[in-house]
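See below for the structure under consideration.
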Amino acid sequence: MSDVNTTTASDSGSSATLTRLEQEGEIAADYLEGLLDIADLDGDIDMDVEGERASVSIIGDTSTRELTKLVGRDGEVLEALQELTRLAVHRETGERSRLMLDIAGFRARKRAELAQLGAEAAAEAKETGQPVKLDPMTPFERKVVHDAVAAAGLRSESEGEEPQRRVVVLPA
């Protein structure tokens, strides 16, 4: 059985938007709780609102080893589960969801690694005066890198077609 914890950011826009995002989180939590029951996995579900999107995390209460099966290689299973969860929310609300799913802290760790990569690429572009092309990334990964590059005071853009779309950090 899983526990559900809810926290919300108080500065996340209008109360109507917050209520809609909280509803998305509740629907997603119910869907994921059913999934955990079917897979006979234990985990706590934490819901939050970050910026303009609902965020749901499955956290292992003892060993996260079992939950990492739901992450898969390089987060492939996590991405698929996120899309299925978004579809479950869409089915209930009739509206497209931008919900983010994290399992066993994978996405949080990945976000930290990507922010570091973006900062390093920005430093290299500043130092060399040349554009820095990074390896292909998912949309989530590119967004984190773009944010890190902007925080370092440089511009970046995405180029290429999926699944080979990549970030290019531009010198000042």
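Everything quoted here is computed from the prediction, not taken from an experiment. The first residue in the sequence is number 1, and the count goes up from there. Values below: all heavy atoms of this structure, side chains included; hydrogens, waters and symmetry mates excluded.
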Whether the side chain of [X] engages the backbone of [Y] through a donor-acceptor N/O pair (distance < 3.5 Å, no angle test) should be reported.
{"X": "D102", "Y": "F106", "result": "yes"}
{"X": "R165", "Y": "P139", "result": "no"}
{"X": "S57", "Y": "I59", "result": "no"}

Next item on the list: Determine, stepwise, if the pair M47 / E26 fulfils side chain to side chain contact (heavy atoms under 4.5 Å, CB included).
Entry: CA-CA 8 Å; M47 296 178 297; E26 291 287 340; 3.3 Å; yes
Where is the tightest heavy-atom contact between [X] and [Y], given as atom of each residue plus distance?
{"X": "A54", "Y": "G25", "result": "CB-N, 4.1 Å"}
{"X": "A121", "Y": "L134", "result": "CB-CD2, 4.0 Å"}
{"X": "G129", "Y": "P171", "result": "O-CG, 3.3 Å"}
{"X": "I103", "Y": "L67", "result": "CG2-O, 3.6 Å"}
{"X": "L117", "Y": "M137", "result": "CD2-CE, 3.7 Å"}
{"X": "A115", "Y": "A148", "result": "O-CB, 3.5 Å"}

Margin query: Does anything in residues 117-134 form a salt bridge (Lys or Arg N to Asp or Glu O under 4.0 Å)? List the pairs, not counting sequence neighbours.
Written below: K133-E159
Check: When you look at CZ of R109, are more than 12 heavy atoms from neighbouring residues, nucleotides or ligands closer to it than 6.0 Å?
Finding: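 Enclosed.
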Once rounded to the nearest 0.5 Å, what's the spacing between atom [atom1] of [X] and atom [atom2] of [Y]?
{"X": "L84", "Y": "R86", "atom1": "CG", "atom2": "CZ", "answer": "11.5 Å"}
{"X": "D147", "Y": "R142", "atom1": "CG", "atom2": "CZ", "answer": "12.5 Å"}
{"X": "S97", "Y": "Q23", "atom1": "OG", "atom2": "CD", "answer": "10.5 Å"}
{"X": "L87", "Y": "E92", "atom1": "CG", "atom2": "CD", "answer": "12.0 Å"}
{"X": "D135", "Y": "R166", "atom1": "CG", "atom2": "CZ", "answer": "6.5 Å"}
{"X": "Q82", "Y": "L32", "atom1": "CD", "atom2": "CG", "answer": "10.5 Å"}

Checklist line | L99 vs T85, side chain to side chain contact (heavy atoms under 4.5 Å, CB included): CA-CA, chis, key distance, verdict | finding: CA-CA 8 Å; L99 176 128; T85 305; 3.8 Å; yes
Next item on the list: Show the numbers, then the answer: is there a side chain to side chain contact (heavy atoms under 4.5 Å, CB included) between L35 and L81?
Entry: CA-CA 10 Å; L35 177 79; L81 288 173; 3.7 Å; yes
Margin query: If the condition is side-chain contact (heavy atoms from CB on, under 4.5 Å), which residues does T138 pass it with, not counting sequence neighbours?
Written below: F140, E141
Next item on the list: Verify the distance criterion only: is there a donor paired with an acceptor across the side chains of H146 and S156 at less than 3.5 Å?
Entry: yes
[X] vs [Y] side-chain heavy atoms within contact, under 4.5 Å:
{"X": "Y31", "Y": "V89", "answer": "no"}
{"X": "I58", "Y": "L41", "answer": "no"}
{"X": "L36", "Y": "I45", "answer": "yes"}

Under the rule for side chain to side chain donor-acceptor pair (under 3.5 Å), what residues qualify as partners of [X], not counting sequence neighbours?
{"X": "Q130", "answer": "none"}
{"X": "R20", "answer": "E24"}
{"X": "D74", "answer": "none"}
{"X": "R73", "answer": "E76"}

Next item on the list: Report yes or no: do V144 and V71 belong to one cluster of Ile/Leu/Val/Met/Phe/Trp/Tyr joined by side chain heavy-atom distances under 4.5 Å?
Entry: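 As far as the 4.5 Å side-chain criterion goes, V71 and V144 are not connected within one cluster.
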Item checked: Co-membership, hydrophobic cluster, residues L114 and M100, 4.5 Å side-chain -> yes
Next item on the list: Kindly determine whether R107 and E79 satisfy salt bridge (charged side-chain N to carboxylate O under 4.0 Å, His left out), including the steps that lead there.
Entry: CA-CA 10 Å; R107 205 175 288 273; E79 290 291 332; 3.2 Å; yes
Notebook entry, point to check: Are K69 and E66 within salt-bridge range, i.e. N to O under 4.0 Å?
Noted result: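 Between E66 and K69 there is a salt bridge, with a charged N closer than 4.0 Å to a carboxylate O.
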